[in-house]
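I have placed the structure first, in the form of structure tokens, so that the comments after it can refer back to it.
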Amino acid sequence: MNFKPLHDRVLVRRVESDVKTAGGIIIPDTAQEKPMEGEVLSTGSGQKAEDGTVTALDVKAGDRILFGKWSGTEIKLDGEDLIIMKESDILGIIEAGKKKKK
């Protein structure tokens, strides 16, 4: 895929959620909500200020993120459903494997 977002936009692939509850009940497709978790595939160069300076984005390709339910614009690239959103629509980065110190 040859697609590069511009400025402060990021290209995201939704991460599919489980189709089963903790109790083992299978949730049908019609009752499932779209996940609000995704993986960053590509990022723009950053936010450009009026004086021409560019502020780099806090996310990078490969980051797992959380975003708002209605964030971004859904598109289809190479037959895959993706989302383009501004960095400000991202709520946070999920950091796996880090342990809390007591």
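The chain is numbered in sequence order, starting from 1. The model shown is predicted, which means the values in this text are computed figures rather than measured ones.
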Legend entry - Joint hydrophobic cluster, I84 plus L77, side-chain heavy atoms closer than 4.5 Å: yes
Legend entry - Min side-chain heavy-atom separation L11-V40 under 4.5 Å: no
Inset, instruction - Would you please test R14 and E80 for salt bridge (charged side-chain N to carboxylate O under 4.0 Å, His left out) and show each step? - result: CA-CA 10 Å; R14 282 189 198 271; E80 186 175 12; over 6 Å; no
Inset, instruction - Flag yes if I93 and V12 sit in one hydrophobic cluster, no otherwise; membership is Ile, Leu, Val, Met, Phe, Trp, Tyr, and two members link when side-chain heavy atoms are under 4.5 Å apart. - result: yes
Legend entry - K76 (side chain) donor-acceptor with L82 (main chain) under 3.5 angstrom: no
Inset, instruction - Any salt bridge (charged side-chain N to carboxylate O under 4.0 Å, His left out) involving residues 83-94? Give me the pairs, sequence neighbours left out, ordered by first then second residue. - result: none
Legend entry - Test side chain to side chain donor-acceptor pair (under 3.5 Å) applied to R64 and E39, E95, E37, the passing residue: E37
Inset, instruction - Indicate yes or no: at least one non-hydrogen side-chain atom of V10 is less than 4.5 angstrom from one of M85. - result: yes
Inset, instruction - Decide yes or no for I83 and T73: does some side-chain heavy atom of the first lie under 4.5 Å from some side-chain heavy atom of the second? - result: no
Legend entry - Nearest atoms (heavy-atom pairs only) where S42 meets F3: OG-O, 3.7 Å
Legend entry - Residue pair L57 / D8, side-chain heavy-atom distance below 4.5 Å: yes
Legend entry - Residue pair L41 / A61: nearest heavy atoms and the distance that separates them: O-CB, 3.5 Å
Legend entry - Reported CE-to-CD1 distance for the pair M36 and I65, which is rounded to 0.5 angstrom: 12.0 Å
